[in-house]
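What follows is a set of notes on a single structure, which appears directly below.
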Amino acid sequence: MHQDNKNKRINITPLVFLGVGLILIFIGFILTRLYFFGVHSDYFVAETSDNILLALLHGLRFDLATIALLNSLLLLFLFVSIWFRALFKANMVMVFVYLFFVSVSAIIINFMDTVYFPYTGRRSGLEVLSMANDVVSQLPELILVYWWYVVGSILIYFLYAVLFFKVSKRLKPIFMPKFWVVLLCLVLTVVFVLAGRGGFQSKPIRALNAYSYPSSGLGALVLNTPFSLLKEDADHLEKVAYFASDSDLLMAIADKNKSISSDSEIKKHNVVILILESFGLEYLGPPYGLKSYAPFLEELSEKGRFFPNGIANGRRSIEAIPSVLVGVPSLMSEAFMRSPYQSNVMHGLGEIVKPYGYSTAFFHGAKNGSMYFDDTTYRFGFDRYFGLNEYPDSSQFDGQWGIFDEPFLKFTVNEMDKMSKPFMAGIFTISSHPPYTLPDQYVDKIQEGDIPMHRVIQYSDIALRRFFEEAATKDWYKDTLFVLTADHTSDNFDPRFASSLGRHQVPIILYQPNQEIDNGVITDMAQQIDIPATIVDYLNLPEQEKILPFGRSLLEQNARADAIIKEDDAFWLLSQGKYVKLPMAEGALVETGELPKTFTKPAGLVQPVNLEKLEQRLKAYIQIYTNGLIDNSLYNFSSEKKQ
């Protein structure tokens, strides 16, 4: 009789095993979040302790959603298979294997992304797939540099394997009447659906919701990386309609933008664009940073036209190239060159100068193919690319990324000397980057700084000095415009720069040895996307229709100059010592305020700033950018239409 009753019941032990396993996974998500915060606590130094605690609590919602989304297929499978007694052992093995390879791997991804976060300021999304080739090619070096993460990941896998094994062995068979099994399945379905959508609200949660509470600056702490990977779609933009007509749209930016003058004779001067890896403004000395780690760059800033209110339009190297060479801001989660819009009409600087007899080349000491820089610069009109493959001496390899800056920059000068004149060259340095490797001859010469980054910044600055010393011996030097900026910022050591805007502050310098341009410190806002317009203006090229409407020439002072960025899931406009912030969350209010004290107060502001105009200008930029990418019509908003 007892056996008959047992036969009428269902063995739900696999479901119980899954429940216990998911509790252990949830604990793992919490621990990796706390580890993430512990490693990057300086990043959130501007936030209150109350908001940090709320962010950690809010993050539980995203952890539960991730766990539900990842394990819903397993749950559905068990709903069917537990009714078959013969599948009991197979179900237990299935739960073990699925939890181990899927759910524990999610914890590992969350753990490993702690390494990458400082370079982007956000949890990794699908855009990391574009870096797969770089990661694979550098895997041995990455394992050596970040060995403790590899060891930590192995330990996590081992710990969970032991825990799951012990749980599975200690669970005694649990039988339940069929009616209660059906009810249990319905309850679990409701629980998983609610957890997966993040609650009872009308729409499932997205990454956007992490930035809406308790503070946009804590969105990365609220999120977890598996959630970003699961819920972030490739950037397929939707049109916006802040302005009903093109005339209203253009009127909103008319008081800021000016046409580039092309009445003068075309200059056949050389142009060298130097993009310095991770040179944040804070690495310069007072009155900008606390201490100088780039003395030569400071010397150039004193000799040239220096913009201390310089802005990197993105947070990643792959975003800097389109900004600097085309004038495209980084207003998508995905880098432009990895987006569905990469095939749109784009006029790069290499293409613009080519009809005027320019030879063009781009130099990047990293492995060829790294971040697709070779293909990208070809796409923007540069005829030749020099990377690791073209460098003749493999002994100068830094062990991970490519050739150390000093020898590669010397090689660059020699190759530029061979180019027909006039020429345009782009250069991207690499040494001021983790794992903070120095050439042997500098290990004992360069003093330690407050953070490891300071040593490699000093080395790259020395390499930059050697580059200019070598270039100064060439005939073409005095007829060359040097444009210097950084791709993005890096590790903060000065807490004043640990803010959403401070992490975009980079120096921008125009240096012409013959002093053909007005020099001095210019406190107008400047940004990477101003560089194409500046070069076209300097060379007096009649190519205004190939300049995007977001930037302006830095050769003219314009106190109403702008900078536009996307940060904390919001669009920002920086202008006239103020900022306007437009969150992407539906129904969120526009925020305004003063720029942080790390910005140099702009000179010549007599009239009060019209914040309403700034808001309209920001919305105009967003509409031009979004609809222009969708319609492949960005250049319909040319300089001529802004007159």
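- A cation-pi arrangement is present between R123 and F36 under the rule of less than 6.0 angstrom and at most 45 degrees off the ring axis.
- Proximity of V456 to H433: side-chain heavy atoms (C-beta onward) are nowhere separated by under 4.5 Å.
- Contact detail for D562 and Q527: the closest heavy-atom pair is O-NE2, 2.9 Å.
- Under the 4.5 Å side-chain criterion, counting only non-hydrogen atoms from C-beta, Y283 is in contact with M453.
- To the nearest 0.5 Å, atoms OG (S460) and CD1 (I430) are separated by 8.5 Å.
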What do the steps show when you test N313 against L331 for side-chain contact (heavy atoms from CB on, under 4.5 Å), and what is the final call?
-> CA-CA 8 Å; N313 294 98; L331 302 182; over 6 Å; no
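- Between the side chains of D398 and T437, no donor-acceptor pair of N or O atoms lies under 3.5 Å.
- Of the possible donor and acceptor atoms, one in the side chain of W572 sits under 3.5 Å from a partner among the backbone N and O of E567.
- Side-chain contact between L56 and L34 is present, with heavy atoms from C-beta onward closer than 4.5 Å.
- Side chain of S432 to backbone of E277: a donor-acceptor contact under 3.5 angstrom is found.
- Counted by atom type alone, T489 and H504 present zero donor-acceptor pairs between their side chains at under 3.5 Å.
- At least one donor-acceptor pair under 3.5 Å links the side chain of R197 to the backbone N or O of Q201.
- Atoms CD1 and OG, on I108 and S103 in that order, are 12.0 Å from each other to the nearest 0.5 Å.
- Listed for the Y160 side chain is a donor-acceptor partner under 3.5 Å among the backbone atoms of L24.
- With H40 contributing its side chain and T114 its backbone, the two residues share a donor-acceptor pair below 3.5 Å.
- Applying the side chain to side chain contact (heavy atoms under 4.5 Å, CB included) test between V181 and each of N11, L15, I82, L186 identifies I82 as the sole match.
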Return all side-chain donor-acceptor pairs below 3.5 angstrom for residues 152-159, not counting sequence neighbours, or 'none' if the list is empty.
{"from": "S153", "atom 1": "OG", "to": "Y149", "atom 2": "O", "distance (Å)": "2.8"}
{"from": "Y157", "atom 1": "OH", "to": "S105", "atom 2": "OG", "distance (Å)": "2.8"}

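- When every heavy atom of D42 is checked against every heavy atom of A498, the shortest pair comes out as O-CB, 3.7 Å.
- Taking the six-membered ring for Trp and the full ring otherwise, Y625 and F571 have centroids separated by 6.0 Å or more.
- T225 places none of its side-chain heavy atoms less than 4.5 Å from the side chain of F117.
- You'll find the side chain of E282 stays beyond 4.5 Å of the side chain of R496, heavy atoms only.
- The minimum heavy-atom distance between S323 and P329, with the atom names listed, is OG-CA, 4.2 Å.
- Proximity of L64 to F29: side-chain heavy atoms (C-beta onward) are nowhere separated by under 4.5 Å.
- For the pair S72 (side chain) and L69 (backbone), a donor-acceptor distance under 3.5 Å is present.
- Residues I109 and N224 form no side-chain contact, since every pair of their non-hydrogen atoms from C-beta on lies 4.5 Å or further apart.
- A side-chain donor-acceptor contact under 3.5 Å links H454 to the backbone of D450.
- Side chain of T13 to backbone of I174: a donor-acceptor contact under 3.5 angstrom is found.
- Around CZ of F165, the count of heavy atoms belonging to other residues, nucleotides or ligands within 6.0 Å does not exceed 12.
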Can you list, pair by pair, the side-chain donor-acceptor contacts under 3.5 Å of residues 588-599, counting residues two or more places apart and other chains?
{"from": "E594", "atom 1": "OE2", "to": "K578", "atom 2": "NZ", "distance (Å)": "2.3"}
{"from": "T598", "atom 1": "OG1", "to": "Q505", "atom 2": "OE1", "distance (Å)": "2.5"}

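- A donor atom on one side chain and an acceptor atom on the other are not found under 3.5 Å apart for T48 and D50.
- Environment of CH2 in W148: crowded, with over 12 heavy atoms of neighbouring residues, nucleotides or ligands closer than 6.0 Å.
- Annotation: cation-pi geometry not satisfied between R61 and F227 (NZ/CZ under 6.0 angstrom from ring centroid, within 45° of ring axis).
- Under the 4.5 Å side-chain criterion, counting only non-hydrogen atoms from C-beta, K566 is in contact with S333.
- N344 places a side-chain N or O within donor-acceptor distance of the main-chain N or O of L629, the cut-off being under 3.5 Å.
- Under a cut-off of 6.0 angstrom, the local environment of CH2 in W83 is crowded, with over 12 non-hydrogen atoms contributed by other residues, nucleotides or ligands.
- Heavy-atom neighbours of M176 CE from other residues, nucleotides or ligands within 6.0 Å: above the threshold of 12.
- Side chain of D487 to main chain of A320: no donor-acceptor pair is present (N/O by atom type, distance under 3.5 Å, no hydrogens or angles).
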Could you walk me through whether F373 and F428 pass ring-ring contact (aromatic ring centres under 6.0 Å, His included), step by step?
-> CA-CA 10 Å; F373 279 1; F428 203 127; 5.1 Å; yes
